[in-house]
Structures are given as structure tokens and as C-alpha cells.
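Note sheet for the following structure.
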Amino acid sequence: MNYHWDWLFFFQEADDGLKYYEWIISGMGWTVAVSLGALAVALLLGSVLGVMRTTPSRLLVAIGDTYVDVFRNVPLIVQLFMWFFVIPEFLPEKLGLWVKQELPYLVTAIIGLGLYTAARIAEQVKSGINALARGQRFAGLALGFTEWQTYRYVRLPMAYRIVLPAITSEAMNIFKNSAVTYAVGILELYFQYKQIIEKTSQVLEITIVVTAIYFGLAFAMNRVLAFIEKRSAVPGLITGGKGGH
Amino acid sequence: MNDFDFGVVTANWQFLAEGLRYTLQVTVVAMIGGIILGTLLALMRLSSIKPLQLFASAYVNFFRSVPLVQVILAFYLILPMVLQLFTGQPMPIGAANSAYFTFTVFEAAYYSEIMRSGIQSVARGQIAAGSALGFTYGQTMRLVVLPQAFRNMLPVLLTQTIVLFQDVSLVYAIGATDFFGAADKITQRDLRPVEMYTTVAVVYFIICFTLSRLVKRLQARIAIIR
């Protein structure tokens with residue numbers, strides 16, 4: 001095999017005057033922006049859905065369950081194409097036009113990836129709440145808390161701490177899943193990867209570098225959440241630490 | 001926007017069906033190959049031989065940390081180079097064929113984690129019982145531990161396969177014509193995104209939703225009452 005290794009190509013200038021390593025850095029920026037944005041959407045919506053699915057209200061449970069079923073059973077790339085090319089057609093004409101022409105791609109991509117991930121977060125939040133002893137809710141109600149207050153002060157603070165490891169792995173997955181947004185025109189890391197391969201054919205070098213970056217991003221997210229996990233561990237549980245002191 | 005015309009779907013149903021068949025083929029091949037390879041990796045990871053352990057955990061962690069789209073593209077480009085290295089002649093294998101290999105290798109990492117927890121869920125006494133009967137390590141694994149592990153994990157393995165079925169849509173990255181790819185190609189030609197993408201989403205939903213309900217049922221039926 002006569003593959004021509006050339007690590008220095010990263011410092012060569014591309015057609016747009018930037019150097020290839022600058023393409024990678026800008027791609028990384030977009031990857032982080034899409035991922036963190038989507039994670040915020042997913043945590044917010046996923047928590048609401050997860051809570052809804054544990055309430056006594058049949059209607060709320062049905063809405064939450066349906067959401068999870070729909071968003072888990074359609075591939076991410078198809079969901080993104082729906083948000084970009086199909087949903088705007090069903091909006092009122094003016095709004096649809098605004099979405100297509102004015103709304104930044106980034107926002108649509110964040111919403112698409114966020115809603116996809118929310119279904120997964122909702123599953124975790126639900127299982128966290130269900131993992132608590134029923135007595136916790138009864139104790140809250142007996143103290144005169146409303147249903148909502150038992151969530152706010154008793155159940156959610158416990159549930160989140162129990163499911164934090166599962167949320168960590170979802171948060172690490174989001175960087176990987178964000179690569180799919182290249183298909184709807186986000187110039188993120190995978191897009192730049194693809195583009196640099198087309199321009200330079202230095203497949204191996206760029207694969208090694210981009211793989212390492214994805215590793216690094218997931219690892220950084222893992223460390224941040226491990227820190228939170230350690231600080232918030234519930235003393236007395238098998239997984240719990242020695243308390244936050 | 002009242003001019004939706006689902007005629008574009010019926011007119012092209014054959015092309016779509018071809019795509020869906022390809023998606024299913026990749027799913028089945030990668031499922032079988034992935035479970036076999038994954039089981040081997042799980043056994044390596046649980047063995048007492050250090051290099052095997054290290055290899056298996058490196059393999060699994062590696063493939064679980066990279067985006068699938070990136071692996072699909074990288075293998076599509078790198079595989080011919082590797083083949084050329086061994087055979088000495090150019091070996092263009094094509095996008096459609098490289099996906100079989102990529103998905104098998106990639107999904108093996110996920111199946112391996114499932115099999116590992118399946119093996120670990122088997123009671124320790126079972127291994128001792130195997131040895132007491134005079135079985136070798138291989139026999140204990142093959143005849144005693146793996147069948148139980150497989151049974152315990154069947155619902156999870158099938159759920160992972162549903163994920164795999166959805167992930168095949170990512171061969172979009174190398175232009176292979178799977179179900180979604182077929183719909184996308186028709187859209188590029190006939191400019192009917194609403195009808196095509198909606199159809200794809202609905203079909204995916206029906207298939208995956210039905211399968212996941214079946215898996216749930218199966219789970220209830222095969223659960224061993226201890």
C-alpha cells in the first residue's frame with residue numbers, strides 16, 4: 001500500500017483562506033453548540049415528560065407515553081428531515097416561510113436533536129421516580145404538600161440523583177448523535193471531516209484526529225457529570241458516596 | 001398547501017421496497033454477525049487472560065465512543081485500502097457492501113455489552129456445577145452459561161436490533177440506497193419532500209413500534225420466575 005502520510009496538511013491553506021485545522025476547530029465549535037443546546041432542550045422537556053408519565057392523571061401519562069413511542073421509533077435522520085423539510089409546510093404560510101428563510105439552521109437542528117433525546121431522558125426520569133419507595137410520596141402528602149410539591153421537594157431531588165449515571169451516558173451520546181445534523185446543513189465536526197476528506201484524501205490522519213476529538217468531548221462531559229454525581233450522591237445508598245462534605 | 005400528492009409514493013413503491021429490503025438485509029446480517037462477534041468479545045472480556053481482556057474492552061470502548069456516521073464513512077474509505085494491502089490489487093467494494101461489514105463490526109460492541117451483563121447475570125454456582133460434572137471451560141460456557149445468558153438477554157438483544165434497524169438509515173452518509181436513501185433519491189428527482197419523508201417516518205414508526213411491542217410481550221413470556 002502506498003498511502004502517503006502527511007500530518008502537516010492540517011497547516012495547509014484551504015480554498016477559503018483558512019487552514020484545515022481551523023476548519024476542524026470551527027466544526028468542533030458547532031458540534032459543541034448543537035450538542036449543548038440540544039442537551040438543554042432534552043433535559044427540560046424530558047423531565048417534564050418523565051414527570052407526566054408518573055402522575056395519577058391518565059391523560060398526562062398517555063401524552064407522555066405517546067411522545068416517547070413516536071420519538072423512539074423513528075430514526076434520528078428522518079426526524080431531522082421532518083423538522084427541516086416537512087413541518088414548515090404544515091405551518092401557517094407566513095410562519096412556515098419565516099422558519100424556512102429566517103430561522104437559523106442551528107435552532108432547528110437543536111430542536112430536532114433535543115426532542116429526539118428528550119424521549120430518552122423521559123425514560124430515565126420516569127424510571128428514577130418509579131424507583132423511589134411509594135411511601136416518599138405519601139409522606140409528602142401527609143405533610144400537607146400538594147402533588148406538585150411532593151415532586152419539587154421530595155421525589156425529583158432523589159430521582160435525579162439516582163438516574164444521573166444514565167443521564168451521563170445520554171449526555172455523552174449527544175455528541176455522537178449531533179454528527180447526524182451534518183445532513184441538514186450544520187457545518188459541524190463530521191461535516192468538516194467529510195469535506196476535508198474530499199479535498200485532501202488524507203483519510204487516515206483526519207480520521208485519527210476527529211475520532212480523538214469525539215473521544216475528548218465525550219470524556220469531558222463524563223468528567224463534568226462524574227463531578228456532579230460525586231457532589232450530589234445520596235449518603236446511605238449502595239451507590240452513594242460519603243456525603244457531600 | 002393543499003396540493004399533497006401521495007401518487008409519488010405509489011408510483012415509486014418498487015424502488016422504496018428495494019430500499020427497505022436492503023435495510024432489512026443489513027439489519028439481519030449485522031444482527032447475526034454482531035451477536036456472534038459480540039459474544040466472543042464478551043467472553044474475552046470476562047476471561048482471565050489479560051491481553052484478551054484488554055483487547056475486548058478497548059474494542060468495545062472505541063466503537064461506543066465514535067459517531068456511527070463517521071465509522072460508516074471511514075470504513076467505506078479505509079476498507080478498500082486494507083484489502084489492497086493484503087491482495088495487492090485495487091478492491092473497490094462499494095457503499096452497499098461496505099455497510100454490511102461496518103454494521104457488523106460496530107454493533108458487535110453494543111451486543112457484547114449486552115452479552116456480558118447476560119453472562120454476569122448467571123448464578124456463579126452454575127459454573128461450579130459445570131466443572132463438577134467434568135465439563136471443560138468451553139463446555140461449561142457453551143452448554144450451561146451461554147444458553148441461559150442468551151435467554152435472559154433476548155429482549156435486550158432484540159431491542160438493540162430495533163435500534164440497529166433505525167441506524168441503517170445513516171448509510172445516507174455514503175449514498176447507499178437503503179429505505180431512507182431511496183426516499184431521498186426520489187425526493188431529489190420529483191421534489192416531493194413532504195410526501196416522501198412523511199411516508200418514510202410513518203413506515204419506520206409502524207415497523208419499530210410493532211416490533212418493540214412484540215419484544216415487550218416476549219419479555220413477559222420468557223421471564224424466568226425465580
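Here is how names work: the chains are called A, B, and so on, in the same order as the sequence lines, proteins then strands, and each is numbered from 1. Worth saying up front: this structure is predicted, and the values here are computed from it rather than measured.
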So which residue, Asn61(B), Leu73(B), Val200(B), ends up with the most heavy-atom pairs under 4.5 Å with chain A?
Leu73(B)
Should the pair Arg223(A) and Phe227(A) be classed as cation-pi, given the thresholds of under 6.0 Å to the six-membered ring centre and 45° from the axis?
no
Using heavy-atom distances under 4.5 Å, tell me whether Tyr172(B) contacts chain A through its side chain, its backbone, both, or neither.
both
Do the side chain of Tyr190(A) and the main chain of Ser178(A) share a donor and acceptor less than 3.5 angstrom apart?
no
If you take the centroid of each ring, where Trp contributes its six-membered ring, are Phe11(A) and Tyr21(A) closer together than 6.0 Å?
yes
Between Tyr204(B) and Phe165(B) (judged by ring centroids, cut-off 6.0 Å), do the two rings come close enough to count as a pair?
yes
If only side-chain N and O atoms count, and only distance matters, is there a donor-acceptor pair under 3.5 Å linking Gln25(B) with Tyr100(B)?
yes
Residue Phe62(B) versus chain A: region with a heavy atom under 4.5 Å
both
Please state whether the side chain, the backbone, both or neither of Leu189(A) comes within less than 4.5 Å of a heavy atom of chain B.
neither
Heavy atoms from other residues, nucleotides or ligands near CH2 of Trp30(A) exceed 12 (cutoff 6.0 Å)
no
Need one label for Ala183(B): side chain, backbone, both or neither, based on atoms under 4.5 Å from any heavy atom in chain A.
neither
Counting heavy-atom pairs closer than 4.5 Å to chain A, which one of Gln166(B), Met196(B), Arg64(B) comes out on top?
Gln166(B)
Say whether Arg192(B) and Asn12(B), considering side chains only, have a donor N or O and an acceptor N or O under 3.5 Å apart.
no
Interface residue of largest heavy-atom contact number with chain B, from Phe215(A), Phe219(A), Phe85(A), under 4.5 Å
Phe215(A)
Okay, Asp167(B) and chain A: the region with an atom under 4.5 Å from a heavy atom over there is neither
So which part of Thr198(B) gets closer than 4.5 Å to some heavy atom of chain A, the side chain, the backbone, both or neither?
both
So, Tyr182(A) versus Tyr193(A), ring centres under 6.0 angstrom or not?
no
Which bit of Ala218(A) comes within less than 4.5 Å of chain B, counting heavy atoms only: side chain, backbone, both or neither?
neither
For each of Ile206(A), Thr211(A), Val203(A), Leu76(A), tally heavy-atom pairs with chain B at distances under 4.5 Å, and name the one with the top tally.
Thr211(A)
